[in-house]
Each structure stands twice: as structure tokens, then as C-alpha cells.
Protein chains: 2
Amino acid sequence: MTHVIVLGNEKGGSGKSTTAMHLIVALLKSGKKVGAVDLDLRQGSLTRYLENRRKFSEIKGKELIFPEMVKVEPSSLDSRAESQKKETENLKNALKTLGECDFAVIDCPGANTHLSRLAHLHADTIVTPLNDSFVDFDLLAKVDPETGKVVGPSLYSEMVWDARKHRAMMGDRSGIDWVVMRNRLSATRARNKKNMGDKLDELSSRIGFRLARGFGDRVIYRELFPIGLTLLDLGGVDSPVRLSTMSHVTARLEIRSLVAALNLPAGEE
Amino acid sequence: MTHVIVLGNEKGGSGKSTTAMHLIVALLKSGKKVGAVDLDLRQGSLTRYLENRRKFSEIKGKELIFPEMVKVEPSSLDSRAESQKKETENLKNALKTLGECDFAVIDCPGANTHLSRLAHLHADTIVTPLNDSFVDFDLLAKVDPETGKVVGPSLYSEMVWDARKHRAMMGDRSGIDWVVMRNRLSATRARNKKNMGDKLDELSSRIGFRLARGFGDRVIYRELFPIGLTLLDLGGVDSPVRLSTMSHVTARLEIRSLVAALNLPAGEE
Ligand SMILES: Nc1ncnc2c1ncn2[C@@H]1O[C@H](COP(=O)(O)OP(=O)(O)OP(=O)(O)O)[C@@H](O)[C@H]1O
Ligand SMILES: Nc1ncnc2c1ncn2[C@@H]1O[C@H](COP(=O)(O)OP(=O)(O)OP(=O)(O)O)[C@@H](O)[C@H]1O
Ligand SMILES: [Mg+2]
Ligand SMILES: [Mg+2]
């Protein structure tokens, strides 16, 4: 049974593609078979990251570990209803192709597209990265500016709950495990960071997600994009980047903690 | 003649709404009449920022300066062609309503929507904030991973050039001034930051934008969102946030430098 992990957050630039890539490589390194689906059909950051990886491994003659990538074609039919039908079929086929994988990691765009909603419907685990900012938080929940209290869920929480509701309606008893992870955390102890932390704690039980510590804002999470590598690929004698900084060591711990926090099935050993 | 400033970048989370808000308040504070249009119809971060501002000024009984906000209704007709026709009309009417303003600031979504393309077509100045990351850069231009050379323009550059081309086809001799600004710059001197700087310099003459220094990654740019204020609103005796940190002083300079870099018309005095 392929365990589907969806990177979801309607808010752009929250870190979905970055987290998707690092999760994919972490799971591959732990010996799992991993499939990858990029539903950001236009920008395709994850696709680009993996293409860069492919080129780098060819140019350098280095063996690198790859997920099984499956394309999902967009539909540009004039009728929204018709093109959504076609896309539903395309995603179903993509997931069938990945039926032999332990995990299928689906990267969603920062928008409420039909394919993104569909992916959420198929998710066993939804991972939602979140910038340390109330601008980002605003898509999870509305906050009363006067009292600072959470007033109610917002657009993206509704998207996740629609997926949970539809699953229940279809008779599916397995719930969706929703994990929100803080991303691009600054090293400093700003009041804003504490406020965000408090609000997230308050919100998690209320709208049903678990909170994972997440990633700091570290150059190592983005500087290897042009060559398609992640921190986890480094460490060999011929590593293109010096590995010994504190930031790199902490980043490795962050990635490992995230995988642990996701409580993923051990799969067939 | 209303000078139209469009915040554009198809890449999500690059800082469009944040920059839009700070530009709006800076221009208002300099005595200009400013209109605001939020084309991110679903997420509406700019709309939310201004609603929070409205609520805060009512609750605290404080006088705050506001832009003239105009709504542009989305269309959810099933036919893409029909709904695009309706949206084109809605945006034209919105701009007509703002005809008395010195400036109209239009915030675009992090997606290639029809309204976003339309806004680019109407722009006198396009301001494109950009995270210090090749993941973001990838939407401006493709880079050869082996040589590090810029290979050609990418999706968002094409969007800007489509707007420039259409304007020329319609006989409009006034060009669009395209300014790319670096955003969320870290204080450190990372190699990644220098590489990005070099690539941007290389790219600017090649694809026709000017490069503005931009903003550092500073909590002050985001922590006042819940109360709808910006750094520029602070400084009174009853200021809710202590104003004297180095980061705040530098942020003020950054905002002022951005406005200066935009070379905006002085307007009627
Ligand atoms: N932990 C991190 N440390 C440093 N930079 C990061 C981190 N996470 C993400 N980034 C950078 O932040 C930007 C946004 O990240 P990313 O593209 O992964 O977000 P996204 O949610 O996939 O965006 P979109 O909605 O556009 O698909 C990118 O420039 C990326 O390199
Ligand atoms: N200079 C900055 N310093 C600190 N935080 C920033 C800065 N610029 C933007 N941010 C934060 O980064 C995130 C993305 O910014 P913002 O929402 O303005 O981007 P956007 O381009 O409008 O995104 P979208 O594509 O979703 O509309 C927000 O959480 C915002 O608070
Ligand atoms: Mg992405
Ligand atoms: Mg925005």
C-alpha cells in the first residue's frame, strides 16, 4: 500500500517544494522506494530540482539516488468541468503507476487548483510548511486583531477539511494525518516567533493538525537547487560544499526530526 | 494620469503583498493620492492587511491614512473565455474609478491568472520582489547547472515581455519600467547571496529590468500585519512597537531607497 504524502499549503512560497525534495531524498536514503508527483504544472520547481539532479549526475558521472517521477498532464479545455474530469483521470493513473512504491510524495502548487484538491483527497499524510508570519498564518486561521484570539478556520484549513469530509463520505475510515511544520525559522528569539508558536499550539487541537518543529531559514536548504542536490547527498570526499558548519549539522537533525515526526509506516523490510 | 504600479512575480511568497503595502503607505505619507487593487482574489493578503488596518484604527480610535481600495470581482463562469471577458471589464472599471489617484498599486497573485496578465498589460511600473534563492530565480531565467551561465528567459520574464509586446502592438509608445528588487536578504555574506547578485546583474541588461537593492529579511516587515500597520506608521508616543532597533532604522532606509529607485513621476504638486 503506497503511503501518499502531500505537500500542501495554498500560501505561496511556504516551502512545499523544498520540503518535498528533502523528504524524498531522506526517504530514498533510508532504503524506501519513493515516487514523486509534481502538481505545480506551470512552475514545476520540484520537476526542475530533479532535472538539475539528473543533469548533474550525468555531467559529473556520479551515481545519485532518484525517485520514480510521474507526470500528470494539465488540461486546457475551455470548459472547466471537462478539463477537471480529464485531470482527475490523469492523477488516478499517475498514482496507479506508483503502486509499487512505499511512498508517493505529491508537491502541490501555492494555489487552489482542482489537482491540488484532488491530491489532498488522496493523502495519507499532509505536510504543511508555514513561514513564521501571520501573513502565512492567515490562510490557516483568522485571528481577531483586538483580542489576538483565533476566530475560526481560514481557506487552507477548509481545503484540508473538505478532503477529510469527502473521504468520510466515501466511506473511507482511515483519517488524514495533517502535520504543520514551521519553516524558515529565524535563529533569533523574536516576540513574533513566540506569538506564532502560541497561536499554532492553540490552533492545532482546534482544527486537527499536529505541529512539527520544522526547518530553520538556512542557505543550505536552497543553495544546492541548481545542481539538484540536498544536504543529505553531501558528505563524500568530493562533496562540492564544505559540510562542517553548525547550520549544516543542525539542518541534518531538522530533516531527521521531521521524518520521525511524520510517524510514517515502516513498510515491508 | 494615474501611474500604475504592479507588484508582479508568478513565484509565490516572493514578497508582493508585503511590498505593495509598504509602497502604498510610503506614497500616502509623501502626500500622494493612492489607489489599491488586490488581484489575489482568493487569498487577498493585501485586502486582509487593509481590513486589519481599518479594524485597528476603529478599535484604537486612531487616525490612519488609507488608500482608495477598489474590488475586482472574479468570474466563475464555466467557460474560461466568457469569464475572462467579464474580468477584463471589471479591471477596466476599477482603474477608471481610481482615475483621480496619483498612483494605483495593483497586487498580483503568485500565479499566472488572466487578471494578473491584464494588470501587467496596464502597468507603468512593474515591481518584482525576489527571494534570494535560485528556486525563485528559476522563474526569471534558466541557468545551465554546468556552466552557471544564463541560458534564457523563463516563465515570468515571458509574462512581462508579453505585456511589453502587447503594448507595442496596441501602438502604445510608453514602455513598462520593470524593477526587480531583492527581498528577504539575509544579513550574512553567503556565497549564495553573491552568486544571486552576479546572476541578477548579468540578467538585467539581457532581459530588460533595473535592479533595486530591496529589503532585508526583517521581522518588522511582517509582525505588524495583524494590526494593519507598517513601520512607517510608527514613531508616535503611543507606538505599539519599540522603534529604536537597528533593524527598524535600516528598514526605513530600505523603503525610502525603494521608492527613490522607482523613479516615480512627481505628480501635481
Ligand atoms: N528552510 C528554508 N531555508 C532557506 N530557504 C528556504 C527554506 N524553505 C524554503 N526556502 C526558500 O524559500 C522560497 C520558497 O520555497 P519553496 O519554493 O520551496 O516554496 P513553495 O511552497 O513550494 O512555493 P510555491 O507556492 O511557489 O510552490 C524558495 O526560494 C526556497 O529556496
Ligand atoms: N522583507 C521581509 N522580511 C520579513 N518577512 C517578509 C519580507 N517580505 C515578505 N515577508 C514574509 O514572507 C512571506 C511571503 O510574503 P508575501 O505574502 O508578501 O509574498 P507574496 O509574493 O505576496 O505571496 P503570494 O504569492 O502568496 O501572494 C510572508 O509571510 C511575509 O510576511
Ligand atoms: Mg513549490
Ligand atoms: Mg501576495
Side-chain angles (χ1 to χ4, degrees), chain A residues 10-18 42-45 48-49 51-52 55-56 59-60 76-83 109-113 131-139 142-146 148 155-156 184 186 188 190-193 195 217 219-223 225-228 241, chain B residues 10-18 42-45 48-49 51-52 55-56 59-60 76-83 109-113 131-139 142-146 148 155-156 184 186 188 190-193 195 217 219-223 225-228 241:
Chain A
E10 200 178 326
K11 179 64 172 128
S14 49
K16 299 176 288 295
S17 304
T18 297
R42 180 162 159 94
Q43 297 182 17
S45 310
R48 294 283 295 151
Y49 210 144
E51 279 172 0
N52 293 344
K55 289 205 189 95
F56 184 77
I59 289 167
K60 299 294 182 194
S76 51
L77 299 169
D78 182 68
S79 156
R80 266 185 253 258
E82 284 309 307
S83 78
N112 179 23
T113 63
N131 273 310
D132 215 33
S133 165
F134 282 98
V135 174
D136 278 45
F137 188 91
D138 194 51
L139 268 90
K142 298 279 182 262
V143 175
D144 183 311
E146 184 172 17
L155 292 180
Y156 181 68
R184 301 194 66 177
S186 88
T188 64
R191 162 192 44 229
N192 187 60
K193 188 173 173 181
N195 289 346
D217 193 358
V219 173
I220 193 64
Y221 283 121
R222 60 183 189 239
E223 74 177 311
F225 168 81
I227 53 178
V241 176
Chain B
E10 201 178 325
K11 178 64 173 129
S14 49
K16 298 175 289 295
S17 305
T18 297
R42 183 164 156 92
Q43 299 182 16
S45 310
R48 294 281 298 150
Y49 209 144
E51 279 172 3
N52 292 345
K55 289 207 189 93
F56 183 77
I59 290 164
K60 298 294 184 193
S76 50
L77 297 169
D78 181 68
S79 156
R80 267 186 253 256
E82 284 309 308
S83 79
N112 179 23
T113 63
N131 272 311
D132 216 30
S133 164
F134 282 96
V135 175
D136 279 45
F137 188 92
D138 194 53
L139 269 90
K142 298 278 180 261
V143 176
D144 184 309
E146 184 174 17
L155 292 178
Y156 182 68
R184 299 194 69 175
S186 88
T188 64
R191 161 191 47 229
N192 186 59
K193 188 173 172 183
N195 289 345
D217 192 358
V219 174
I220 192 66
Y221 283 119
R222 58 182 190 239
E223 73 179 310
F225 168 82
I227 54 177
V241 175

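Just so you know, these numbers use all the heavy atoms, side chains as well, and skip hydrogens, waters and symmetry mates. A, B, ... follow the sequence lines: proteins, then strands. Residue 1 opens every chain. None of these values were measured; they are calculated from a predicted model.
- Heavy-atom distances place both the backbone and the side chain of B/A81 under 4.5 Å from chain A.
- Atom CZ in B/R184 sits 4.5 Å away from atom CG in A/N131 (nearest 0.5 Å).
- Atom CZ in A/F225 sits 9.5 Å away from atom CG in B/D136 (nearest 0.5 Å).
- The residue among B/K60, B/K142, B/K11 with the most heavy atom pairs within less than 4.5 Å of chain A is B/K142.
- Using a 4.5 Å cut-off between heavy atoms, B/E10 contacts chain A through both its backbone and its side chain.
- When each of A/T188, A/V135, A/V143 is checked for heavy-atom pairs under 4.5 Å with chain B, A/V135 comes out on top.
- Both the backbone and the side chain of A/L155 have a heavy atom closer than 4.5 Å to some heavy atom of chain B.
- Looking at A/N195, there are no atoms closer than 4.5 Å to chain B (heavy atoms on both sides), in backbone or side chain.
- The distance from the CG atom of A/D144 to the NZ atom of B/K55 is 7.0 Å, given to the nearest 0.5 Å.
- Contacts between A/S83 and chain B at a heavy-atom distance below 4.5 Å involve the side chain alone, from C-beta outward.
- Interatomic distance, B/L139 CG to A/Q43 CD, rounded to the nearest 0.5 Å: 4.5 Å.
- Only the side chain of B/V219 comes within less than 4.5 Å of a heavy atom of chain A; its backbone N, CA, C and O stay farther away.
- With chain B as the partner, the residue from A/D138, A/T18, A/L77 showing the most heavy-atom pairs under 4.5 Å is A/D138.
- Atom CZ of A/R222 sits about 6.0 Å away from atom CG of B/N192, to the nearest 0.5 Å.
- For A/R42, the parts sitting under 4.5 Å from any heavy atom of chain B are the backbone and the side chain alike.
- For B/F134, the parts sitting under 4.5 Å from any heavy atom of chain A are the backbone and the side chain alike.
- Rounding to the nearest 0.5 Å places CG of B/D132 at 11.0 Å from CD of A/E223.
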